[in-house]
Amino acid sequence: MNYWLVKSEPEDYSFEDLQEDGKAMWDGVRNYAARNNLRKMAKGDLVLFYHSKQGLEVVGIARVCRESYPDPTEEREDWSVVDLEPVKPLQQSVTLKAIKAEPELADIALVKNSRLSVMPLPEAAFAKIRDMGGA
DNA sequence: GCCAACGTTGGC
DNA sequence: GCCAACGTTGGC
């Protein structure tokens with residue numbers, strides 16, 4: 001089991017949207033590092049859902065319900081998608097500020113590389129943020 | 001709205 | 001293969 005974090009602008013697609021939809025095809029990733037991370041996801045892996053731009057906080061937990069497959073909206077280029085389903089929202093969202101205030105989270109990509117939209121998380125970091133969120 | 005950080009493109 | 005120019009992301 002691996003752990004991940006994905007970003008989405010809530011104006012574009014929020015965790016609430018994922019809950020309403022029941023599942024979502026995670027398309028639109030156009031960054032090779034992020035794509036390669038998508039491709040390493042396995043069914044059942046857990047994913048923290050982060051709201052970028054507005055919110056700047058981890059708001060919920062999702063799960064990979066379909067492993068990576070070629071992006072059906074893209075015919076010419078080699079991009080990938082996965083399907084995600086909601087697991088549950090955090091009781092309280094965990095802000096970027098709170099994450100940055102935790103020394104043990106100082107090395108995660110969310111802090112180190114603010115532009116990466118799909119990133120792996122060490123299990124300990126996943127557990128820490130989940131616990132901070134009361135889930 | 002600004003701009004730093006990062007990734008990509010393309011000329012050489 | 002290098003690197004300057006450009007475009008995009010996302011925190012502030």
Side-chain angles (χ1 to χ4, degrees):
Chain A
M1 161 93 69
N2 287 306
Y3 300 90
W4 310 91
L5 183 146
V6 299
K7 294 180 181 177
S8 184
E9 295 185 32
E11 279 191 353
D12 189 37
Y13 196 82
S14 69
F15 190 72
E16 291 74 21
D17 292 330
L18 180 62
Q19 288 182 290
E20 284 175 21
D21 292 345
K23 90 179 209 181
M25 181 175 76
W26 208 251
D27 63 351
V29 170
R30 292 293 181 272
N31 169 284
Y32 290 115
R35 181 199 70 180
N36 292 342
N37 289 330
L38 280 182
R39 290 180 175 177
K40 291 181 205 151
M41 289 183 176
K43 186 172 179 178
D45 282 357
L46 293 176
V47 181
L48 293 179
F49 197 111
Y50 176 81
H51 283 170
S52 61
K53 292 283 257 184
Q54 291 90 31
L56 309 187
E57 56 195 6
V58 178
V59 294
I61 301 173
R63 182 190 293 116
V64 177
C65 59
R66 183 176 172 190
E67 293 186 9
S68 72
Y69 55 101
D71 186 339
T73 69
E74 178 61 76
E75 291 177 6
R76 293 185 184 174
E77 295 177 76
D78 185 23
W79 296 108
S80 294
V81 300
V82 297
D83 288 356
L84 297 181
E85 61 187 1
V87 175
K88 61 176 167 181
L90 297 181
Q91 281 185 4
Q92 65 257 6
S93 54
V94 178
T95 63
L96 180 63
K97 194 176 174 187
I99 288 169
K100 285 184 169 175
E102 285 290 338
E104 64 189 281
L105 297 175
D107 287 334
I108 65 173
L110 185 70
V111 176
K112 282 269 174 88
N113 179 2
S114 66
R115 299 197 40 194
L116 186 62
S117 60
V118 180
M119 68 194 74
L121 283 182
E123 181 174 5
F126 176 89
K128 175 69 181 175
I129 296 171
R130 177 199 61 206
D131 292 348
M132 289 165 75

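Proteins come first, then strands; the chains are lettered A, B, ... in the order of their sequence lines, and each starts at number 1.
Here the P atom of nucleotide C:dC12 and the CD atom of A:Glu9 are 15 Å apart, to the nearest Å. In this structure, the CH2 atom of A:Trp79 is 12 Å from the P atom of B:dG7, given to the nearest Å. What separates CG of A:Leu110 from P of C:dG11 is a distance of 7 Å, to the nearest Å. Taking atom CG of residue A:Leu96 and atom P of nucleotide C:dG10, one finds them 12 Å apart after rounding to whole Å. The nearest whole Å value for the distance from the CZ atom in A:Arg30 to the C1' atom in B:dC6 is 19 Å. Look at CZ on A:Arg115: it is 15 Å from P on C:dC12, rounded to the nearest Å. Taking atom NZ on A:Lys112 and atom C1' on B:dC6, their separation rounds to 16 Å, with Å as the unit. Rounded to an integer number of Å, the gap from A:His51 NE2 to C:dT9 P is 17 Å.
With A:Phe49 as the fixed residue, the side-chain contact (heavy atoms from CB on, under 4.5 Å) test singles out one of A:Leu90, A:Leu5, A:Leu18, A:Val87: A:Leu18. The only option from A:Val118, A:Leu116, A:Leu110 that meets the side-chain contact (heavy atoms from CB on, under 4.5 Å) definition with A:Lys7 turns out to be A:Leu110.
Residue A:Lys53 is the one, among A:Lys53 and A:Asn113, whose nearest nucleotide of DNA chain B lies closer to the 5' end (criterion: closest heavy atom).
Ring centroid separation for the pair A:Tyr32 and A:Trp79 comes in under the 6.0 Å cut-off.
Sparse packing is recorded around CD of A:Glu123, with 12 or fewer heavy atoms of other residues, nucleotides or ligands lying under 6.0 Å away.
A:Lys100 comes within 4.0 angstrom of the backbone, heavy atoms only, and of no base.
A close approach under 4.0 Å does not occur between any side-chain nitrogen or oxygen of A:Tyr32 and OP1 or OP2 of B:dC6.
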